[in-house]
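Proteins get letters first, then strands, A, B, ... in listed order; numbering begins at 1 in each. Please read all numbers here as calculations on a predicted model, not as lab measurements. Hydrogens, waters and symmetry mates play no part in the numbers below; they use all other heavy atoms, side chains included.
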Protein chains: 2
Amino acid sequence: MNTLLQNISLSISEKVYLKNPESSKLGQSIIMESVNLIDEIGFENFTFKKLSIEIKSTEASIYRYFENKYKLLAYLIFWYYAWIEYRLLFRITNIDDPNEKLKRAVILLSEEVEEDSTHTHINEIKLSRIVITESSKIYLNKNVDKDNSDGIFKPYKDLTQRISDIVLEINPTYKYPHMLVSTVIEGAHHQRFFSKHLPRLTDTIDGEDSIVSFYLELVNKSIQPC
Amino acid sequence: MNTLLQNISLSISEKVYLKNPESSKLGQSIIMESVNLIDEIGFENFTFKKLSIEIKSTEASIYRYFENKYKLLAYLIFWYYAWIEYRLLFRITNIDDPNEKLKRAVILLSEEVEEDSTHTHINEIKLSRIVITESSKIYLNKNVDKDNSDGIFKPYKDLTQRISDIVLEINPTYKYPHMLVSTVIEGAHHQRFFSKHLPRLTDTIDGEDSIVSFYLELVNKSIQPC
DNA sequence: CCAAAATGATAGTTATACTATTAATTCTGT
DNA sequence: ACAGAATTAATAGTATAACTATCATTTTGG
């Protein structure tokens with residue numbers, strides 16, 4: 001998988017960048033260091049000025065790649081979702097039982113990312129923490145409709161659609177496949193955050209990842225026709 | 001209920017304000033107009049400068065009530081959750097069947113707010129839109145642990161706890177009551193937002209509020225011991 | 001090796017997020 | 001009703017963020 005990942009490039013809408021950061025050393029270091037810096041100081045405190053110091057470049061140069069820091073964040077988030085979809089395909093190839101496919105999908109969506117494929121210049125562990133804390137900021141704003149019509153949410157929609165299709169394979173009459181899947185994706189992020197910072201909103205059980213267990217059970221029961 | 005609401009004051013941690021906005025005309029107009037302004041232009045574009053113009057006062061005066069705009073937002077969000085808990089108590093008094101109580105709670109959490117009690121100086125319809133779009137911004141940041149230790153999240157935790165208790169009345173062995181309830185609260189907000197801006201992530205069904213139906217079914221099935 | 005493209009260095013603009021000071025107004029208790 | 005206290009208004013000022021513009025320097029590809 002790692003060897004494949006370095007050869008394919010995850011497709012992200014051209015509307016999120018002015019110049020493809022994959023296309024140059026500088027662009028790649030913008031991506032790599034922005035992940036480190038956002039993870040460290042949080043998106044609110046993150047500025048292009050600070051990033052330019054980290055990468056020993058200038059604000060103006062970063063602005064040649066991204067219009068503003070929200071677009072850069074969008075790039076990172078959608079890179080992540082494209083990466084998740086890519087891993088999903090890997091985990092379900094050659095599996096025929098749709099129940100098993102769905103189980104693997106839900107685990108992928110709700111488990112903690114611990115794997116950092118050293119073959120990309122992005123630290124996936126840090127990026128997954130950024131996704132948990134910052135991802136909603138790319139759509140919870142007044143630009144969402146324009147961004148959506150620019151197609152930037154495609155990787156997210158594609159992932160949701162793909163898993164919804166598995167749900168419908170199991171139960172073609174289930175009425176809310178997309179809501180179920182987007183509830184799991186967003187919910188898993190929230191529960192991860194809550195378990196760390198607001199544990200009273202969650203339920204911890206020794207010796208198990210209760211976020212994974214919770215969503216596995218929730219999805220299973222929800223799609224039963226009973 | 002409205003007559004009661006004007007007499008009780010919803011309890012919000014004193015840590016979110018410097019001076020209680022309920023205690024003066026100026027404070028009340030800060031609250032009232034901030035709801036109008038945030039709903040209109042979004043929290044990112046909202047500034048104390050703009051608010052001061054709306055209320056025909058000054059930035060400095062607003063700063064005497066709230067440390068910064070995040071604290072003001074926190075005040076609004078927790079006012080909302082305290083209001084929701086208050087309405088919950090009203091809707092479930094004299095109901096004995098825990099299944100009916102839970103049903104009413106889930107409806108309250110997932111339905112659209114259409115009721116504006118003219119007896120408060122807060123427009124609840126606008127506030128509910130603010131909660132949908134902006135509420136996560138009060139905890140998805142680097143201050144969350146300090147804010148939490150200041151107790152500002154209490155109204156949210158109280159509401160979650162109260163509904164979790166109903167879940168446990170129905171099924172005392174259910175392992176994830178808090179996660180289920182917080183998933184419904186946050187999820188309902190997200191689904192409301194998606195249905196308006198990213199409908200591909202949801203499922204719309206003619207003639208019904210599919211967000212309410214989805215969460216009613218999800219909760220019901222999840223807590224079945226089967 | 002030369003031209004074009006990319007990057008760096010620097011400066012400047014506007015807006016935000018505050019803090020400080022003093023004057024004017026309003027409230028409170030006797 | 002009035003003095004003193006508290007609150008609010010008016011104004012100014014600082015630091016930083018979020019850009020834009022210009023020109024010099026470096027890198028790269030044919």
Quick check: do [X] and [Y] have side-chain heavy atoms less than 4.5 Å from each other?
{"X": "A:Glu134", "Y": "A:Leu73", "value": "yes"}
{"X": "B:Ser34", "Y": "B:Leu76", "value": "yes"}
{"X": "B:Ile62", "Y": "B:Ile55", "value": "yes"}

Flag the pair B:Lys142 and A:Glu44 as a salt bridge only when some basic side-chain nitrogen lies within less than 4.0 angstrom of an acidic carboxylate oxygen.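 Looking at A:Glu44 together with B:Lys142, the answer is no, because their closest N to O distance does not fall below 4.0 Å.
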Atom pair distance, as rounded to whole Å: [atom1] in [X] and [atom2] in [N]:
{"X": "B:Leu72", "N": "C:dA17", "atom1": "CG", "atom2": "C1'", "answer": "14 Å"}
{"X": "B:Ile62", "N": "C:dT16", "atom1": "CD1", "atom2": "P", "answer": "13 Å"}
{"X": "B:Ile53", "N": "D:dA10", "atom1": "CD1", "atom2": "P", "answer": "12 Å"}
{"X": "B:Phe66", "N": "C:dT19", "atom1": "CZ", "atom2": "C1'", "answer": "19 Å"}
{"X": "B:Ile41", "N": "C:dA15", "atom1": "CD1", "atom2": "C1'", "answer": "13 Å"}
{"X": "B:Ile55", "N": "D:dA9", "atom1": "CD1", "atom2": "C1'", "answer": "11 Å"}
{"X": "B:Lys19", "N": "D:dA5", "atom1": "NZ", "atom2": "C1'", "answer": "13 Å"}

Protein proximity profile, nucleotides 16-30 of chain D - base contact B, sugar-phosphate-only contact S, no contact -, cut-off 4.0 Å on heavy atoms: -SSBBB---------
Students often get this wrong, so: under 4.0 angstrom with heavy atoms, is B:Tyr65 touching a base, only sugar-phosphate, or nothing?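 It contacts sugar-phosphate atoms only.
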Regarding A:Lys137 and the six-membered ring of A:Tyr70, is the cationic atom NZ or CZ under 6.0 Å from the ring centre and inside 45° of its axis?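 No, A:Lys137 and A:Tyr70 do not form such a contact.
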Ring-face cation contact, B:Phe78 with B:Lys154, 6.0 Å cut, 45° max: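 Because its charged atom misses either the 6.0 Å distance or the 45° angle limit, B:Lys154 does not stack over B:Phe78.
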Presence of A:Ser24 side-chain N/O under 4.0 Å of C:dT7 phosphate oxygens OP1/OP2: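 For A:Ser24, the contact criterion (side-chain N or O under 4.0 Å from OP1 or OP2 of C:dT7) is met.
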Would you say B:Ser57 places a side-chain N or O within less than 4.0 Å of OP1 or OP2 belonging to D:dT8?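 So the side chain of B:Ser57 is outside the cut-off, no N or O lying under 4.0 Å from OP1 or OP2 of D:dT8.
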CD1 on A:Ile185 to NE2 on B:His190, rounded to 0.5 Å: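 Going from the NE2 atom of B:His190 to the CD1 atom of A:Ile185 covers 11.0 Å.
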Assess, by modelled atom type and distance only, whether the side chains of A:Asn36 and A:Lys126 contain a donor and an acceptor separated by less than 3.5 Å.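 On atom types as modelled, these side chains qualify, holding a pair under 3.5 Å.
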A:Asp145 side chain to B:His197 side chain, donor-acceptor N/O pair below 3.5 angstrom: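 There is such a pair between these side chains.
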Determine to 10° how strongly the helix from C:dC1-D:dG30 to C:dT30-D:dA1 is bent, judged from the axes of its five-pair ends.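 Rounded to the nearest 10 degrees, the bend comes out at 30°.
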